[in-house]
Amino acid sequence: MDHYDSQQTNDYMQPEEDWDRDLLLDPAWEKQQRKTFTAWCNSHLRKAGTQIENIEEDFRDGLKLMLLLEVISEIVDGNVKMTLGMIWTIILRFAIQDISVEETSAKEGLLLWCQRKTAPYKNVNIQNFHISWKDGLGFCALIHRHRPELIDYGKLRKDDPLTNLNTAFDVAEKYLDIPKMLDAEDIVGTARPDEKAIMTYVSSFYHAFSGAQKAETAANRICKVLAVNQENERLMEDYEKLASDLLEWIRRTIPWLENRVPENTMHAMQQKLEDFRDYRRLHKPPKVQEKCQLEINFNTLQTKLRLSNRPAFMPSEGRMVSDINNAWGCLEQAEKGYEEWLLNEIRRLERLDHLAEKFRQKASIHEAWTDGKEAMLRQKDYETATLSEIKALLKKHEAFESDLAAHQDRVEQIAAIAQELNELDYYDSPSVNARCQRICDQWDNLGALTQKRREALERTEKLLETIDQLYLEYAKRAAPFNNWMEGAMEDLQDTFIVHTIEEIQGLTTAHEQFKATLPDADKERLAILGIHNEVSKIVQTYHVNMAGTNPYTTITPQEINGKWDHVRQLVPRRDQALMEEHARQQHNERLRKQFAAQANVIGPWIQTKMEEIGRISIEMHGTLEDQLSHLRQYEKSIVNYKPKIDQLEGDHQLIQEALIFDNKHTNYTMEHIRVGWEQLLTTIARTINEVENQILTRDAKGISQEQMNEFRASFNHFDRDHSGTLGPEEFKACLISLGYDIGNDPQKKTGMMDTDDFRACLISMGYNMGEAEFARIMSIVDPNRLGVVTFQAFIDFMSRETADTDTADQVMASFKILAGDKNYITVDELRRELPPDQAEYCIARMAPYTGPDAVPGALDYMSFSTALYGESDL
């Protein structure tokens, strides 16, 4: 099959190329081919007892061609290659060769046709006649493009090629009369379908749909003809509509232009002129355009009808172009002279309107000026005004009199204009005359009111000047006296906060000095009230309406008397408050002394006990049991001191309730006493616990009393600040003093030093203190990284270093014995050799053994042993 695919393309595509070249043969080559091909055909036809003379004419009816094919088929019988080649040549010639798209070859034309027809389908990409058709969507797309009702293309899936191919083949056979030339399984099962087979089948689609193309062309021709007819009808309807609208507009406009009835007012005539100008500027130009467009549309329509062999258009009666032109002429005739009539009428009214507007303007200005003037002149605001306000009112009145005189000329002009309008027979003369009379009457009244107001203002001014002098004197003396009373009330009511007897005594002295000034203050009060009484007499005598108050001050006699009475009431209250505060300060002083007497005893006692406990903890008198007994006696004596602390707490509570914040009789506060007492209890308890732990360590590790004393002596020696702890450098020096070797490289402690180690120790003053080893030791004695080493941590470390303790190696050696010298141990061995709870503990925590000698269920006792001592993770 592969040989066929590779050879057939070369063998059977050659005729297509020869066929194309035949068109280019010169006469000599054509004569040679005709002779050669005729001889070749006769060589085969002789076997059938016939021959041909002319290769074009003798094959035309097909009979001799059928004989030739029959003879040839006998020749190629049994030779698949030759048979298929012959059939392909026939297919190529009669089914494909006549396909031509844009002057391309048959094959290229057919491919281009397929690409164009399937271009709208996004999941179809036809590039050849083999693998591009494997998924079947190409065949389905060709059918759907021409006959969309035959295939529901939206339901096809690219991943289901068998269904797609069979759908296309079945639909083509049933509805398009295209035989089922291909097998869907062969196409899907072949990596590269046969190109000639695909081309043969696709060419059937091309020929099947070529008829549809002709139908489409015919339909397009019909649509084009109908479109032309529809467009012509639309143009006719547009003409009728436009002509009807234009004639209706002309009919409505002509009567409006022929109206010559004048208006009474300038505004109305100007509105007529503005309407006419709007007509000329806004309404008529679009109609001129419509008339022009109507003629253009009519001519264009007639031309289109003539070119499309249609009869000429005849508009409805009265809507011919000539009818529209006649109506337009009538419109322009009515328009003539209308604008000139409007302008003449406007000029006639302009003179009258000018005079009337001038009258209205001057009258409005005068009326606006006089508005409120009568009410202003009648008001009696001077009766309640102050002196300064009266003077201001007088100046304001003088200015008004000047303004009144200036308006005399305008009143005369108004009367003259009204007279002229009457003489010219102005249509609105009655209203003009009535308005002019009102203005003249009002003018006379304003003159009389002006004189009357001046007399009243001058009389009031004289009275108020006398009262003003008294008001000024009252204000000058009332202000400082009022300030003195307000300051006195503020001082008498001021809250005071004192903390000593001396402070309250100073306040009492100042208060006595204030009381000595009260008689003189009362005399000043009476003098100020006398000035106010004199003003009241003047008001009553001359009937002055004093609606206002003293302009120089807001202080009234009532306020002065009220504040004075308040000051007299506050004085005894202040006396009582000072006496009570003096008694309270005496009580507070007693409380201070009572608290100080006890605190000055308890504070030093606590400090002494702290120092004694410190000395006991670092001294080495007797055994640890002796020290423990001594400390417990101290603890008992300290606990027995608690009642004195409680008594001091009671005194402190009294001080707090009295709000006493300082105490000059002692430096101790209750907080200091509490902190010291809690530190004392904590220190004695911690010290007792340390001694108890030292006893436990001594007994558990087998440390002698002499070793314990040595450790304490070294620790105390380097605890220079007697804090009970050692810093890192102090701890390092203490270890060196005890002969402990800390090298830079950690090494296993064997209890012995070889010659080289001993020599190195001597060279370095006996000890080599490396940083790495010291950091390891510090992590043991100071696990919380506090930077200090307690004596208990020091004892634990020294006891571990000097005592015989178990190691991970020793535990591993013990497990190895239980395991029978194996590198692992089994569950049964653990349960046999160890108590049940310890055996289960090991089983639950031992990891499986993974060595080369492992057996099922083997456990790793080595990693377990190192984990017990923190050398690995458990």
Side-chain angles (χ1 to χ4, degrees), residues 490-512 570-617 630-692 721-725 786:
E490 183 178 357
D491 293 340
L492 291 171
Q493 297 180 96
D494 186 25
T495 58
F496 49 83
I497 299 176
V498 295
H499 301 93
T500 64
I501 292 178
E502 292 79 5
E503 292 177 354
I504 193 62
Q505 289 175 345
L507 291 176
T508 302
T509 301
H511 181 63
E512 294 299 326
L570 290 175
V571 169
R573 296 179 190 174
R574 186 71 169 184
D575 292 336
Q576 182 65 27
L578 290 172
M579 291 174 59
E580 292 175 355
E581 182 61 26
H582 188 271
R584 192 176 71 86
Q585 288 301 325
Q586 288 178 332
H587 174 69
N588 289 350
E589 186 66 15
R590 288 194 298 272
L591 291 177
R592 289 190 185 95
K593 292 179 180 180
Q594 182 178 336
F595 177 85
Q598 296 185 72
N600 289 338
V601 174
I602 295 174
W605 181 85
I606 292 175
Q607 184 64 30
T608 301
K609 291 301 179 182
M610 289 288 290
E611 294 172 356
E612 290 176 356
I613 293 171
R615 287 197 299 271
I616 293 173
S617 64
H630 196 188
L631 286 170
R632 284 178 174 163
Q633 292 176 2
Y634 256 84
E635 183 182 29
K636 184 176 181 182
S637 66
I638 291 171
V639 172
N640 292 335
Y641 202 78
K642 182 66 166 57
K644 294 185 177 181
I645 301 297
D646 294 339
Q647 183 181 356
L648 188 64
E649 284 282 6
D651 293 342
H652 176 67
Q653 183 175 354
L654 294 176
I655 287 178
Q656 286 185 322
E657 292 173 354
L659 300 178
I660 299 173
F661 301 105
D662 58 350
N663 193 341
K664 65 182 180 180
H665 304 294
T666 182
N667 292 326
Y668 291 101
T669 65
M670 194 63 224
E671 185 63 24
H672 293 153
I673 299 297
R674 289 194 195 103
V675 172
W677 175 252
E678 291 170 358
Q679 288 179 347
L680 180 61
L681 294 177
T682 302
T683 301
I684 187 63
R686 183 174 62 245
T687 305
I688 291 173
N689 179 256
E690 288 178 355
V691 174
E692 290 174 342
D721 57 356
H722 304 293
S723 62
T725 59
L786 299 177

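Below, each value reflects all heavy atoms present in this structure, side chains not excepted, and no hydrogens, waters or symmetry copies.
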Euclidean distance, Ile638 CD1 relative to Ile684 CD1, rounded to 0.5 Å: 5.0 Å
Closest non-hydrogen atom pair between [X] and [Y], with its separation:
X: Lys609; Y: Leu680; value: CB-CD1, 3.6 Å
X: Trp605; Y: Trp677; value: CZ3-CZ3, 3.9 Å
X: Gly676; Y: Ile606; value: O-CG2, 3.5 Å

Do [X] and [Y] have side-chain N/O donor and acceptor atoms under 3.5 Å apart?
X: Gln653; Y: Glu649; result: no
X: Gln576; Y: Glu580; result: yes
X: His511; Y: Thr508; result: no

CA sep, side-chain torsions, deciding dist, call: Gln585, Glu581, side chain to side chain donor-acceptor pair (under 3.5 Å): CA-CA 6 Å; Gln585 288 301 325; Glu581 182 61 26; 2.8 Å; yes
Full working for side-chain contact (heavy atoms from CB on, under 4.5 Å) between Thr683 and Met610: CA-CA 8 Å; Thr683 301; Met610 289 288 290; 3.5 Å; yes
Flag if over 12 foreign heavy atoms under 6.0 Å of CG, Asn667: no
Heavy atoms of other groups near Glu502 CD, more than 12 under 6.0 Å: yes
Salt bridge present between Arg674 and Glu671 (N-O < 4.0 angstrom): yes
Phe595 and His652 aromatic ring geometry - parallel, tilted or perpendicular at 30°/60° bounds: tilted
Whether Asn640 side chain and Lys636 backbone form a donor-acceptor pair below 3.5 Å: yes
Donor-acceptor contact below 3.5 Å, side chain Arg592 vs main chain Asp662: yes
Candidate pair Ile688 and Tyr634, rule side-chain contact (heavy atoms from CB on, under 4.5 Å), full reasoning: CA-CA 10 Å; Ile688 291 173; Tyr634 256 84; over 6 Å; no
